[in-house]
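The next block holds one structure in the form of C-alpha cells; read it before the comments.
Scope of the values below: all heavy atoms of this structure, side chains included, with no hydrogens, waters or symmetry mates.
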Amino acid sequence: MSRTVILQSRVDGAVAARVRVEAESAGMSVSDWIAQVLRREVLRGGPADALARRGYELAATLGYMLRSLMIDAMGAEACEQAIDKAADAAAADLEHELERAAEIP
C-alpha cells in the first residue's frame, strides 16, 4: 500500500488563485487537484521521452556492433584496450566541457 506524502511548494498569488478556481470547477479539493495534475504530468510520456529512449537503444546497438567488429579485426585484448582508451578520452573531454560551461556567465 502506498503512503501519502505531503509536498509543499510556494507559488505567487495569481497562480494560487488559478489553482483554487480550477480545483473548485473540478469539484475537488486543492490538494486533490494538484495531486491529479502531478500524477498526470509525471506519468505522461511525451515524444521527447521516446526519442531519448530510441537514441539510447540505437547507441547501445551500434556500440555492440562496433565492439564485435573490433574484436574480429583486432582481437579481444586489443579491443578492450582501445575501448578503455576511448572511454578515458571521452571522460577527459566531458570534464573539459563542464569546466568551460562553469565559466559561462
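- When the shell of 6.0 Å around CD of E77 is examined, it contains 12 or fewer heavy atoms from other residues, nucleotides or ligands.
- Under the 3.5 Å distance criterion, the side-chain polar atoms of S68 are left unmatched by any main-chain donor or acceptor of Y64.
- Classification of E22 and R18 as a salt-bridged pair holds, one side-chain N sitting under 4.0 Å from a carboxylate O.
- Salt bridge R100/E97: present, at least one basic N to carboxylate O contact under 4.0 Å.
- Annotation: side chain of L98 is in contact with side chain of L94 (closest heavy-atom distance under 4.5 Å).
- Put simply, CD on E80 and NZ on K85 are 15.0 Å apart, with the number rounded to the nearest 0.5 Å.
- Linking Ile, Leu, Val, Met, Phe, Trp and Tyr whenever their side-chain heavy atoms come within less than 4.5 Å leaves L69 and I71 in two separate clusters.
- The same ILVMFWY cluster, assembled from side-chain heavy atoms under 4.5 Å apart, contains both V11 and W33.
- Nearest heavy-atom pair, S29 versus A23, reported as atom, atom and distance to 0.1 Å: O-CB, 3.9 Å.
- Between atom CZ of residue R39 and atom CD1 of residue I34 there is a gap of 12.0 Å, rounded to the nearest 0.5 Å.
- Residues V21 and V19 are members of separate hydrophobic clusters, defined by side-chain heavy-atom contacts under 4.5 angstrom among Ile, Leu, Val, Met, Phe, Trp and Tyr.
- Under the 4.5 Å side-chain heavy-atom criterion for Ile, Leu, Val, Met, Phe, Trp and Tyr, M74 and L66 are members of the same hydrophobic cluster.
- How far CE of M70 is from CE of M65: 14.0 Å, rounded to the nearest 0.5 Å.
- Rounding to the nearest 0.5 Å places CG of D72 at 12.5 Å from CZ of R67.
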